[in-house]
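Following: one structure in structure tokens, then a few remarks.
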Amino acid sequence: MTATLQSVPDLPTTPDPIMDPALLDRLQHQLVTSPGAPRHTFITPMTGEVLGDLPLSTMDDVKRAYAVVRRAQPAWAATPMREKSAILRRFHDLALEYQDELMDLVQLEAGKTRIQAFEEVADCAIVARHYAATAARTLAPKPKRGVFPVLTQTVESYIPKGIVGIVSPWNYPLSLAITDALPALMAGNCVVLRPDLQSPLCALAGVELLKMAGLPDGVLQVVLGSGSTIGAAVLDHADYVCFTGSTPTGRRVAQAAAQRLVGSSLELGGKNSVYLADDADLARAVPGAIRACFSSAGQLCISTERLLVHDKIWDRFVPRFVAAVKAMKIGTALEFGFDLGSLASPSQLETVERHVADAVAHGATVLAGGRARPDIGPYVYEPTVLSGVTPQMVCRDEETFGPVVSLYRVGDDAEAIAFANDTEYGLNASVWTRDVARGRRIAGQIKTGTVNINEAYAAAWGSVAAPMGGMKASGMGRRHGDEGILRFTETQNVTAQRLIPIAPAMGLSDEAFTKVLTVALKVMKGAGLQ
Ligand code: NAD
């Protein structure tokens with residue numbers, strides 16, 4: 001990385017790339033492209049400057065990538081688990097060792113603050129450590145009770161799907177490109193990855209680190225192109241489809257996968273609530289709610305756009321929260337110390353401005369923020385707090401995916417639960433209460449894949465031993481936990497019958513065999529066999 005960015009009021013007019021050309025050149029070697037390929041120029045949302053350009057893949061390149069991984073997959077599947085684990089452990093160390101370079105790339109491509117860029121580095125390390133340590137146990141063949149104890153010996157085993165196609169979005173350009181690939185690889189699959197066109201460098205850097213960690217050539221191929229062409233083609237060739245993005249696109253991806261009868265996991269949009277119960281510890285809840293609403297400028301699938309405040313603490317919470325939001329430090333620099341960075345693109349800014357303007361036009365009150373800050377960066381928008389939001393306003397139910405939160409007053413837990421569930425989405429929720437048992441009771445009634453108690457989102461997200469994902473229109477399938485690796489396998493039931501055949505035999509008539517079997521079934525039930 002050669003450049004340090006500062007907040008620049010005047011955007012540069014020269015299209016000179018600010019990336020180190022040697023770095024770009026090195027990273028582009030991770031891409032499958034053809035000589036003379038058209039090149040895609042990409043900018044940093046931090047300043048609007050040109051970051052550089054990369055060659056685009058063609059449909060033929062996608063086919064070539066698949067041919068390469070299909071050749072490599074049998075040998076990779078046969079690679080001992082301890083060797084695969086060692087690669088992930090080395091990747092863990094490399095991600096932490098090269099964290100500065102990775103954080104630079106995340107910030108440059110996504111515009112987020114440095115501390116939120118570190119979240120992505122930490123996520124890669126945590127997921128790598130988890131699957132390095134647990135995959136062998138999770139994927140070990142497991143003896144199961146056969147239809148007749150002792151006589152029938154059943155083993156459940158896990159066969160790699162083959163090739164996993166991954167399409168990842170721009171909002172977590174490092175972690176969402178890499179952390180699904182890690183369990184897919186540990187399960188013996190090869191991977192074709194299509195990172196978002198807006199943010200390919202983080203993915204390429206992550207792949208470079210995986211190769212430095214020992215991942216053999218040909219096991220993971222990266223192609224680059226638009227979602228509707230190259231992204232769709234990657235998924236169309238895959239034996240398993242792994243998609244992260246919006247719900248409308250997820251529905252299209254699910255239909256295409258269903259048509260081919262291949263499995264898919266879909267991590268989609270959300271409209272997540274934070275509930276502050278009347279016994280919430282406000283000293284923790286105020287900064288917690290700020291992180292919940294404004295991490296990555298609200299461009300985090302599990303961040304919050306609905307703040308449900310118990311009537312009894314409304315008057316104490318709201319002024320403190322609004323004052324804290326107004327005090328947030330906004331900036332786009334490759335250094336720590338900022339609370340909010342930039343939105344990732346002009347279209348994100350357009351959506352945020354449209355949602356806020358619509359709410360204001362219909363009578364909502366802006367308690368904090370409410371305007372773009374081109375003086376800080378071209379797509380920067382202030383952290384914004386709205387009250388008086390009603391169902392006729394777009395931001396009540398649609399995902400804004402920006403730094404905009406609406407406050408709602410609720411009378412009790414039941415009302416908060418009903419509000420949190422009053423959405424087509426079901427991704428994440430956060431509950432703040434001093435009584436954790438109460439928090440768990442509330443959580444049990446909220447239909448979201450994760451619920452954080454006294455935390456915004458990172459506790460459940462970072463607890464990768466347990467699965468996370470969406471209910472309802474927020475997706476299908478889970479990442480993390482055993483489910484997060486088992487999704488990349490086919491379960492196989494291999495059963496051997498010993499000593500006595502299952503079918504009528506030993507000279508028994510069908511009728512006699514039926515009687516013997518009836519007695520045997522009764523005995524097994526009496527013995528408490530499942
Ligand atoms: P999007 O659906 O428009 O795009 C997501 C990705 O899919 C992009 O890389 C895009 O190029 C690609 N794509 C588009 N059409 C495609 C097709 N037909 N086939 C294959 N790929 C295609 O979403 P977006 O607006 O870019 O991303 C933000 C959305 O992603 C938000 O809704 C957010 O909540 C969601 N998201 C969800 C999670 C999660 O884990 N649940 C994580 C991050 C983002």
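On a predicted model such as this, the values are computed, not experimentally measured, just so you know. Numbering of ligands and ligand atoms starts at 1, following listing order. Here, residue 1 is the first one in the sequence, and each next residue gets the next number.
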Notebook entry, point to check: Who's closest to atom 3 (O) of ligand 1 heavy-atom-wise, of Asn171, Val253, Thr249?
Noted result: Thr249
Item checked: Tyr172, portion touching ligand 1 at heavy-atom distance under 4.0 Å -> neither
Check: Is it true that Asp422 and Arg396 make a salt bridge, defined as a side-chain N closer than 4.0 Å to a carboxylate O?
Finding: yes
Check: Given Gly470, Pro169, Gly227, Ser226, which one has a non-hydrogen atom that is nearest to atom 16 (C) of ligand 1?
Finding: Gly227
Next item on the list: Tell me which protein heavy atom sits closest to atom 30 (O) of ligand 1, plus the residue, atom name and distance to 0.1 Å.
Entry: Gly245 C, 2.9 Å
Next item on the list: Do me a favour and list the nearest non-hydrogen protein atom to atom 26 (O) of ligand 1 with residue, atom name and distance?
Entry: Trp170 NE1, 2.6 Å
Next item on the list: State plainly whether the residues Glu267 and Arg478 are in salt-bridge range, i.e. N to O under 4.0 Å.
Entry: no
Next item on the list: List the closest protein heavy-atom neighbour of atom 12 (C) of ligand 1: residue, atom name, distance to the nearest 0.1 Å.
Entry: Arg194 NH2, 3.5 Å
Note to self: Among Ala177, Ser246, Gly231, which one puts a heavy atom closest to atom 23 (O) of ligand 1?
What the structure shows: Ser246
Check: At what distance is the nearest protein heavy atom to atom 37 (C) of ligand 1, and which residue and atom is it?
Finding: Leu268 O, 3.0 Å
Next item on the list: Please work out whether any backbone atom (N, CA, C, O) or any side-chain heavy atom from C-beta onward of Leu427 is under 4.0 Å from ligand 1, and answer side chain, backbone, both or neither.
Entry: side chain
Note to self: Before we go on, tell me: are the rings of Trp170 and Phe401 under 6.0 Å apart, centre to centre?
What the structure shows: yes
